[in-house]
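What follows is a set of notes on a single structure, which appears directly below.
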Amino acid sequence: MSPRNQNIRPVRKAENRWRIYPVGTMRVPVDIFASEALISVMDTETIHQLTTAASLPGVAGSVICMPDAHSGYGFPIGCVAGFCAGKEGIISAGGVGYDIGCGVRTLLTDIPAAEVYARRGEIADALFRAIPAGLKGSSHLSLNAEEIKQILHEGAAWAVRNGMGEKEDLWHTEENGCVAGADAAQVSTEARQRLTGQLGTLGSGNHYLEIQIVDSIHDTAAAAHFGLAENQIAISIHSGSRGTGHQIATDYIKAMQNALPDGHPAPDPSLAYAPLTSDLGRRYLAAMKAGRNCALANRQTIAHMVRKTFLRLFPSCRITQLYDVSHNTCNEEHHVIEGQSRRLFVHRKGATRALPSGHAALGPLFDATGQPVLVGGSMGTASWILCAARGAEASMYSANHGAGRLLSRAQARKRQQPRSLMDALKHAGISVRTHSPQLLAEEAPLAYKDVDHVTDTACATGIARKVARLRPLICIKG
DNA sequence: ATGTGC
């Protein structure tokens, strides 16, 4: 169904802007935000997945591709696609992906950098003990069925209600820490049970807990508003919905593959979809929201354990939350399409929402700066804190989520010896703790794009502005 | 991403 065999070439529209005009089954164009260098490393599979997304029923405006995009399951990672609410629109479980609600939370501390440098090994060991990580990392908390149901409905607010955080944390979290409309009844028993021993665990893959230092400030006013200063110590948590979100995705991808509407063959089994108005579509929406809440509660719980660990080591320290934002979501939003305000269901996979100052959906807390955008780098490289800018109107109010993979996990394993990576990180002054040096190699810097170039590109297009660059000092990995 | 594939 998708125009795979046609010779598709993005047309250069402006500096760092490219467009794929509709051909074959494509209903809308694809708008790519990338430099020449970044577009040259996007493989044919990524381009194919973008044009496939642009071929789905009810797709609105254009499909957006971020500078960090690479191929994924169904949609590429780094893709934004909105679908009209109502009869013609669809929702796709593969479009959101397996790690529902995966995102980044950044906390700010008042601990002098010199003290962190002096006690780096001790801090790394304490965090590694306190925060379960890796595929088998199991939680210190054990949850019963009622608690799991509450978490799926309440998100981070559940953790705060149970003494794991402050209400200020929720103000500094997307959706105030709770996605409305979640329904645990649409989440299978198996998916719910998988949370039993997993709340407050980091997971594996590119998930991490990093202690970082603010390396440079690029927007003094926004940095002051965010509470950021040069040489400040920050904490970033990159994690998701663990087994629960994965199981929700598995369940609904299967169900959508088995229940495709008549006359609407899926372009690809990984991109099976359901009409938004169908029972299955509505059920997935409610289950996906529960998955987002699971991820929000997970990061809130991890943040609480990190705070407890730091308070033991630095009893007088103060740790506040800058922001928490997910980058694997489907969200109901209003967008202006061809001059008309439309209600859309916007899938963001490996892309964050980016509301500029003055946008009606942005709360008062960040109206002066625009919504914070947390860009996680690869292990051992920098992260960026950006704020959404006016140009985000052209990206359906979205920005990039990271550096983006350059090599597949298998390719990375071939090119990176685990031992030499550990040595290189140590040499770079980064204290790494991991349960699996083998999996660590898959996350080696050589497997990722240059986060500074990706960030430069995103900001050059006007979708976001640089606020601060963060450099890792301690990294806890699965 | 994932109690790692059907």
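Residue numbers start from 1 in every chain, and the chains themselves are labelled A, B, ... in the order their sequence lines are given, proteins ahead of strands. Hydrogens, waters and symmetry mates play no part in the numbers below; they use all other heavy atoms, side chains included.
For the pair A:Lys477 NZ and B:dT2 P, the interatomic distance rounds to 11 Å; values are reported in whole Å. Whole-Å rounding puts the A:Tyr98 OH to B:dT2 P distance at 13 Å. Atoms NZ (A:Lys136) and P (B:dT2) sit 14 Å apart, rounded to a whole Å. Rounding to whole angstrom units, CD1 of residue A:Ile253 and P of B:dG5 are separated by 14 Å. Rounding to whole angstrom units, NE2 of residue A:His435 and P of B:dT4 are separated by 17 Å. A straight line from OH of A:Tyr73 to P of B:dT4 spans 17 Å, rounded to a whole angstrom.
Applying the ring-ring contact (aromatic ring centres under 6.0 Å, His included) definition to pairs two or more places apart or across chains, those involving residues 422-457 of chain A are A:Phe128-A:His435. Within the structure, every pair that satisfies the ring-ring contact (aromatic ring centres under 6.0 Å, His included) test and touches residues 188-212 of chain A, not counting sequence neighbours, is listed here: A:His207-A:His238, A:Tyr208-A:His238.
A salt bridge links A:Asp279 and A:Arg283; the closest N-O separation between the charged side-chain nitrogens and carboxylate oxygens is under 4.0 Å.
In terms of modelled atom types and a separation under 3.5 Å, the side chain of A:Ser270 and the main chain of A:Tyr73 share no donor-acceptor contact.
At the heavy-atom level, A:Ile100 lies nowhere under 4.0 Å from the strands shown. A:Glu190 comes within 4.0 angstrom of a nucleotide base, judged by non-hydrogen atoms across all strands. Residue contacts shown for A:Gly240 are absent, as no nucleic acid heavy atom lies under 4.0 Å away. A:Ser204 comes within 4.0 angstrom of sugar-phosphate atoms only, judged by non-hydrogen atoms across all strands, and of no base.
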